[in-house]
Amino acid sequence: MAGGDLKYRHLSRSSSHRQSLLRNLVTSLITHESIRTTWPKAKEAQPVVEKLITLGKKNTNASRNRAEQIFFQPWDHLPKLFGELRKRYMDRPGGYTRVLRIEPINRNNDQAPSAILELVDGPRDMRFAMTAKSIAHERSTGIGLRDITARNVAKVTRYRKNGTRELEALVRTMRKWKPRLTEAWRMKETWEEVDEKKRREAERKGEVWVKKHSHGERDPNTGRRKGGDDPFEK
Amino acid sequence: MALCQLLSPLRVPAAAGSATITHPLQAATAPQLLQQMISPHLHTPVAIPFALPLRVPSILAGLWESILRAVPKKKTSHRKKRQRFLVGKALQDVTALNKCSACGNVKRAHLLCPFCVQQIRGMWKSQARKALGRYWGTGGEGITS
């Protein structure tokens, strides 16, 4: 890293800006259980969240005061920290968050390396869901449980209450999902093409398909929408 | 043609008089050839038709030097310039690939499969929409949002 061996990433910000960013990230994570951001930001926010949850587990006046200083709206977030999250992580000796690398969020902008930052054992635990999906796929293809999936199952259900039961329920849900074709996913369809496909599908079944949400019809000559979304139309 | 004319001088007047002469050089060489046939002591069979003496006046010489230089004829286009600067900066091929254990598609190593992530997030979204404050598996613990 330029500028010597640094203890943390500066994230191209002043100290105060960086602090605010991290506080906002932490707040979002506590609120939504899982957030998507760039990988360096996720890695920087991770220790802050870990420390915050440790404060929540301590549950003393001093820890409350400290936690109050981190949130911008403590009255909204302290109850969750000292209630739900404290209960959830009581038995877990650290490691309350997880960072998973994902494909860049901004595919057509900067292609920055992105990640999911999530609270472990929460309702939006991506590794838990991915493990369930792997199990579903392995069962449907008849491979059987792979070693790495078995290891993930152990990790994911270790401290989770009713973890095994929840995982099994999710696997059962996911086995009903149809496999998604990669090619179809990558193809960029226009709204008109999607509508046409739906219309044809309904026709095949002998039904009449009516468009629910109109986004403004396109003018066949100019290709622009007639609705108000184009400021140059007016 | 010239050699042919030399070898058969009888055909030359006919050729000179006819309309078959199309090239100016040809037209110029025909009388020269006739002259050659008449007086064979002249050595040059084909004379240079014309020669322009290139004489620049001495007053203009300085001006000539100062004006005419080897310069680019056109501005380098944006495309050409970018092509030149971006040589060797093309994107690398992604070779670190493997198979997603959850759907079987090809995905980048050490990254989650984008299709599975999309599907799972869609599930969460629809669940949140259906029953706000409930989520899968557990008995009604809330998503505070």
Side-chain angles (χ1 to χ4, degrees), chain A residues 30-34 36 76-77 79-80 83-84 87-88 100-104 107 111 113-116 122-138 140-141 143 146 148-149 152 160-163 165-170 173-174 177-183 185-186, chain B residues 76-145:
Chain A
I30 299 285
T31 315
H32 299 106
E33 299 274 346
S34 166
R36 291 188 310 162
D76 280 345
H77 306 296
K80 185 172 181 181
E84 191 188 332
K87 252 186 278 169
R88 191 194 292 169
L100 300 167
R101 280 178 185 271
I102 52 169
E103 290 285 341
R107 295 292 299 180
Q111 293 269 1
S114 308
I116 290 175
R124 303 237 164 151
D125 190 332
M126 183 55 85
R127 172 161 282 171
F128 185 79
M130 284 296 283
T131 307
K133 201 159 183 288
S134 293
I135 296 169
H137 185 250
E138 282 159 18
S140 65
T141 49
I143 303 165
R146 293 182 207 191
I148 196 153
T149 315
N152 277 329
R160 201 186 180 97
K161 273 166 198 157
N162 301 322
R165 198 163 56 80
E166 278 180 28
L167 192 70
E168 193 54 43
L170 194 57
T173 318
M174 283 173 169
W177 290 1
K178 284 175 190 166
R180 179 170 272 162
L181 292 174
T182 319
E183 287 75 21
W185 182 257
R186 280 190 188 147
Chain B
T76 311
S77 65
H78 178 75
R79 178 182 171 177
K80 285 287 169 195
K81 191 167 78 177
R82 295 308 302 161
Q83 272 181 354
R84 191 171 70 239
F85 287 158
L86 295 174
V87 164
K89 290 189 180 178
L91 289 176
Q92 293 282 314
D93 287 344
V94 176
T95 50
L97 297 170
N98 55 22
K99 211 169 158 189
C100 175
S101 62
C103 68
N105 278 326
V106 174
K107 70 166 192 68
R108 281 170 70 189
H110 312 295
L111 264 70
L112 293 183
C113 167
F115 310 110
C116 292
V117 168
Q118 189 74 23
Q119 224 170 356
I120 289 163
R121 291 182 71 231
M123 177 187 74
W124 289 340
K125 266 187 191 172
S126 64
Q127 281 172 349
R129 230 179 285 129
K130 271 180 199 164
L132 194 70
R134 283 170 157 259
Y135 58 82
W136 42 260
T138 58
E141 266 183 294
I143 301 166
T144 50
S145 59

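Chain identifiers are assigned alphabetically (A, B, ...) following the order of the sequence lines, protein sequences preceding nucleic acid strands; residue numbering begins at 1 within each chain.
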Determine whether A:Met126 and B:Val117 make a side-chain contact, defined as any pair of heavy atoms from C-beta on separated by less than 4.5 Å.
-> yes

From CG (A:Asn152) to OG (B:Ser101), nearest 0.5 Å | 8.0 Å

Atom pair CG (B:Leu111) and OG (A:Ser114), whose distance is rounded to the nearest 0.5 Å | 8.5 Å

Check A:Arg124 against B:Ala128 and note the closest heavy-atom contact, atom names and distance.
-> NH2-CB, 3.7 Å

Region of A:Pro104 that comes under 4.5 Å of a non-hydrogen atom in chain B | side chain

Closest non-hydrogen atom pair between B:Cys116 and A:Met130, with its separation | CB-SD, 3.6 Å

Would A:Met174 and B:Ile120 count as a side chain to side chain contact (heavy atoms under 4.5 Å, CB included) if you check the C-alpha gap in whole Å, the side-chain angles of each, and the deciding distance to 0.1 Å?
-> CA-CA 9 Å; A:Met174 283 173 169; B:Ile120 289 163; 4.0 Å; yes

Salt bridge (charged side-chain N to carboxylate O under 4.0 Å, His left out) partners of A:Arg146, counting only residues at least two apart | A:Glu138

Any chance you could measure B:Met123, atom CE, to A:Leu170, atom CG, to the nearest 0.5 Å?
-> 5.0 Å

Atom CZ of B:Arg79: over 12 foreign heavy atoms under 6.0 Å = no

Could you tell me which portion of A:Leu100 (side chain, backbone, both or neither) has an atom closer than 4.5 angstrom to a non-hydrogen atom of chain B?
-> side chain

Of all the heavy-atom pairs spanning A:Lys133 and B:Cys103, show the shortest one and how long it is.
-> NZ-CB, 3.8 Å

Taking every non-hydrogen atom, the tightest pair across A:Ala129 and B:Trp124 | CB-CZ2, 4.3 Å

A:Ile116 versus chain B, the contacting section by heavy-atom distance below 4.5 Å | side chain

Mind checking what makes salt bridge (charged side-chain N to carboxylate O under 4.0 Å, His left out) contact with A:Arg107, not counting sequence neighbours?
-> A:Glu103

